[in-house]
Chemist: 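First, the structure itself, so that you have it in front of you.
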Amino acid sequence: MDHRPQAWGRPRDDVYGAYDASYMQNSGPNQHTQSPIVTGTSVIAIKYKDGVVMAADNLASYGSLARFTDVKRIRTFANSSIIGFGGDVSDMQYLDRHLTELAIDEAYTRTTSTSDARPTLNARNLHKYVSKLLYHRRSKFDPLWNSLLIAGLDDDGAPFLAAADLLGTTFTSPSLATGYGSMLAQPIMRRLVPDEAAVASVTREQAIECIQECMKVLFYRDARSLDKYSIAVVTKDGVELKENEKLENQSWAFADRIKGYGTQNV
């Protein structure tokens, strides 16, 4: 291989001959992403009486390799909503840039055309906007390979939490999770908030403790997870985001009771 910077990684022309560019098939049809390469795993979120708590680890996996360990997958919008990204990281970066531009336009419009300091795009409006964008890209056969959770407050100031996926499918629930978390974290969160009526009795401390327990279970069971994560709390006072939290009080004692893998000495 030729490791000079100007031809990094290419076979050397003086040894193997010049590269045949005809293999590129420039005259073929347009092709879009069919299998994401660098991906993020679960995003989990739960409502409580005054807001929503959301968490996602900081790992982006290159296939099955834990390659990038400092990828923040929770973003804020206008300091009133939060978005958690699962799935393809490059599509996440595209959506992040797009929503950043939208937030700038939102802030400019708010300061020039109205004296009301509240954002005109609350979490419910933002979720509708993003779901339409995802459906539009899906309809072009060029989907954004992401599963999103969007949280904040609705028009009435009540906690709002909803999901959208690459097909533009949307749904809402007192607790939501993407990826592996939909199988491992949801049962834990549903014990705390089985329905909308239960949200009114859940405190901020209980919601955060539940999310931390879910992140610990995901780290134990999900091979594409990490013990460093981001956690965000959104309320009527704004967004509190911590991006370098670490799992505490880990215990692998349960592993002794797992049977069925490797050599067993019974």
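All values reported here derive from a predicted model rather than from experimental measurement.
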Chemist: Apply the hydrophobic cluster definition, ILVMFWY joined by side-chain contacts under 4.5 Å directly or through others, and give me every member besides L226.
Modeler: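 For the cluster that includes L226, the remaining residues are L59.
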
Chemist: Would a 4.5 Å heavy-atom cut-off, applied to side chains only, mark I46 and V202 as touching?
Modeler: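 No - every pair of side-chain heavy atoms lies 4.5 Å or more apart.
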
Chemist: Are L99 and V130 close enough that some pair of their side-chain heavy atoms sits under 4.5 Å apart?
Modeler: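 Touching, per the 4.5 Å side-chain cut-off.
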
Chemist: Is any side-chain heavy atom of L176 closer than 4.5 Å to a side-chain heavy atom of F171?
Modeler: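 The answer is yes; the side chains approach within 4.5 Å.
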
Chemist: With side-chain contact (heavy atoms from CB on, under 4.5 Å) as the test, pick out the partner of V233 among I208, I211, V239.
Modeler: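 For V233, the side-chain contact (heavy atoms from CB on, under 4.5 Å) test succeeds with only one of I208, I211, V239, which is I208.
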
Chemist: Hey, are the side chains of D88 and L166 touching, using non-hydrogen atoms and a 4.5 Å cut-off?
Modeler: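 No; the side chains remain at least 4.5 Å from each other.
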
Chemist: Which one of I83, L241, I82 satisfies the side-chain contact (heavy atoms from CB on, under 4.5 Å) criterion with M54?
Modeler: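 The option that passes is I82.
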
Chemist: Consider only side-chain heavy atoms of I, L, V, M, F, W and Y, link residues closer than 4.5 Å, and tell whether L121 and I104 are in one cluster.
Modeler: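 Result: no, two separate clusters.
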
Chemist: If you count heavy atoms of other groups shown closer than 6.0 angstrom to OH of Y220, is the number above 12?
Modeler: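 For Y220, atom OH is crowded (more than 12 foreign heavy atoms under 6.0 Å).
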
Chemist: I would like to know whether R75 and T100 meet side-chain contact (heavy atoms from CB on, under 4.5 Å); could you show each step before the answer?
Modeler: CA-CA 10 Å; R75 298 289 195 270; T100 298; over 6 Å; no

Chemist: Under 4.5 Å between any side-chain heavy atoms of K228 and D70, yes or no?
Modeler: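 In short, these two side chains touch, coming nearer than 4.5 Å.
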
Chemist: Just how far is it from atom CD1 of I44 to atom CE of M215, taken to the nearest 0.5 Å?
Modeler: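 The CE atom of M215 is 5.5 Å from CD1 of I44, to the nearest 0.5 Å.
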
Chemist: Linking I/L/V/M/F/W/Y whenever their side-chain heavy atoms sit closer than 4.5 Å, directly or via other members, would L126 and Y135 fall into one cluster?
Modeler: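 No: no chain of side-chain contacts under 4.5 Å links L126 to Y135.
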
Chemist: Under the criterion side chain to side chain donor-acceptor pair (under 3.5 Å), I'd like the reasoning laid out for N122 against S80: C-alpha separation, chi angles, the key distance, then a yes or no.
Modeler: CA-CA 7 Å; N122 57 31; S80 62; over 6 Å; no

Chemist: Is the number of heavy atoms from other residues, nucleotides or ligands within 6.0 Å of OH (Y62) greater than 12?
Modeler: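 Check fails, neighbour count at 12 or below.
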
Chemist: How close do S61 and R224 get, counting heavy atoms only, and between which atoms?
Modeler: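 Smallest heavy-atom distance, with atoms named: OG-CD, 3.8 Å.
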
Chemist: For L161, does its backbone N or O pair with a side-chain atom of T172 as donor and acceptor, under 3.5 Å?
Modeler: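 Indeed, once roles are kept as given, a pair shorter than 3.5 Å links the two residues.
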
Chemist: Between P143 and L167, is there a side-chain heavy-atom distance shorter than 4.5 Å?
Modeler: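 Not touching, per the 4.5 Å side-chain cut-off.
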
Chemist: Is there a donor-acceptor pair closer than 3.5 Å between any side-chain N or O of D91 and the backbone N or O of W145?
Modeler: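 A pair under 3.5 Å: yes.
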
Chemist: For residues A56 and V43, report the shortest heavy-atom separation together with the two atoms involved.
Modeler: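 Smallest heavy-atom distance, with atoms named: CB-CG2, 4.0 Å.
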
Chemist: Please report the interatomic distance CG(D165) to CG(L149), rounded to the nearest 0.5 Å.
Modeler: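 Here the interatomic distance stands at 11.0 Å.
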
Chemist: At their closest point, which heavy atom of G181 faces which heavy atom of S42, and how far apart are they?
Modeler: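 Looking at all heavy atoms of both residues, the closest pair is N-OG, 2.8 Å.
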
Chemist: If only atom types and distance count, is the side chain of S225 paired as donor or acceptor with the main-chain N or O of L218 below 3.5 Å?
Modeler: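 Here the side-chain-to-backbone pair exists.
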
Chemist: Could you give the distance from CG (L144) to CZ (F85), rounded to the nearest 0.5 Å?
Modeler: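 Rounded to the nearest 0.5 Å, the CG-CZ separation comes out at 10.0 Å.
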
Chemist: Examine distances only and state if a side-chain atom of N58 and a backbone atom of E243 form a donor-acceptor pair shorter than 3.5 Å.
Modeler: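 Yes: the side chain of N58 pairs with the backbone of E243.
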
Chemist: In Å and rounded to the nearest 0.5 Å, what is the CZ to CE distance from R97 to M92?
Modeler: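 Between atom CZ of R97 and atom CE of M92 there are 10.0 Å.
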
Chemist: Hey, mind stepping through L133 and L95 against side-chain contact (heavy atoms from CB on, under 4.5 Å) and telling me if it holds?
Modeler: CA-CA 10 Å; L133 174 62; L95 278 170; 3.5 Å; yes

Chemist: I'd like to know if the side chain of T203 reaches the main chain of Q206, judged simply by a donor and an acceptor atom lying under 3.5 Å from each other, with no hydrogens or angles considered.
Modeler: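 Such a contact is found between T203 side chain and Q206 backbone.
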
Chemist: To the nearest 0.5 angstrom, please state how far the CZ atom of R204 sits from the CD atom of E209.
Modeler: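 Between atom CZ of R204 and atom CD of E209 there are 14.0 Å.
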
Chemist: For residues 39-62, which residue pairs qualify under salt bridge (Lys or Arg N to Asp or Glu O under 4.0 Å), counting only residues two or more places apart or in two chains?
Modeler: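 Only K47-E196, D57-R73 qualify under salt bridge (Lys or Arg N to Asp or Glu O under 4.0 Å).
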
Chemist: Quick one: does F77's side chain get under 4.5 Å of I150's, heavy atoms only?
Modeler: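 With C-beta onward as the side chain, the pair stays apart.
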
Chemist: For L153 and K236: C-alpha separation, side-chain torsions, deciding distance, then whether side-chain contact (heavy atoms from CB on, under 4.5 Å) applies.
Modeler: CA-CA 7 Å; L153 303 178; K236 63 180 181 181; 3.7 Å; yes

Chemist: Mind checking the CZ-OG spacing from R190 to S175? Nearest 0.5 Å is all I need.
Modeler: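 Here the rounded value is 5.5 Å.
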
Chemist: If you compare all heavy atoms of V52 against all heavy atoms of A151, which two are closest, and at what distance to 0.1 Å?
Modeler: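 In this case the closest contact between V52 and A151 is CG1-CB, 3.5 Å.
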
Chemist: Using modelled atom types and a 3.5 Å cut-off, is there a donor and acceptor pairing between side-chain atoms of D195 and backbone atoms of A197?
Modeler: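 Yes.
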
Chemist: Heavy atoms only: give me the nearest I74-S230 pair and the separation to one decimal.
Modeler: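 Looking at all heavy atoms of both residues, the closest pair is CD1-O, 3.6 Å.
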
Chemist: Return the minimal non-hydrogen interatomic distance between V53 and A207, and the atom names on each side.
Modeler: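 For V53 and A207, the tightest heavy-atom pair comes out as CG2-CB, 3.8 Å.
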
Chemist: Are more than 12 heavy atoms from other residues, nucleotides or ligands located less than 6.0 Å from atom CD of Q250?
Modeler: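 Enclosed: over 12 neighbouring heavy atoms sit under 6.0 Å from CD of Q250.
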
Chemist: Can you name the side chain to side chain contact (heavy atoms under 4.5 Å, CB included) partners of K242, sequence neighbours left out?
Modeler: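 By the side chain to side chain contact (heavy atoms under 4.5 Å, CB included) rule, K242 matches I231, E240, E245.
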
Chemist: With side chains defined as the heavy atoms from C-beta onward, is the minimum distance between Y48 and T235 less than 4.5 Å?
Modeler: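 Result yes, sub-4.5 Å side-chain heavy-atom pair found.
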
Chemist: If you draw a 6.0 Å radius around NZ in K72, do more than 12 non-hydrogen atoms from other residues or ligands fall strictly inside?
Modeler: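 Yes, enclosed.
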
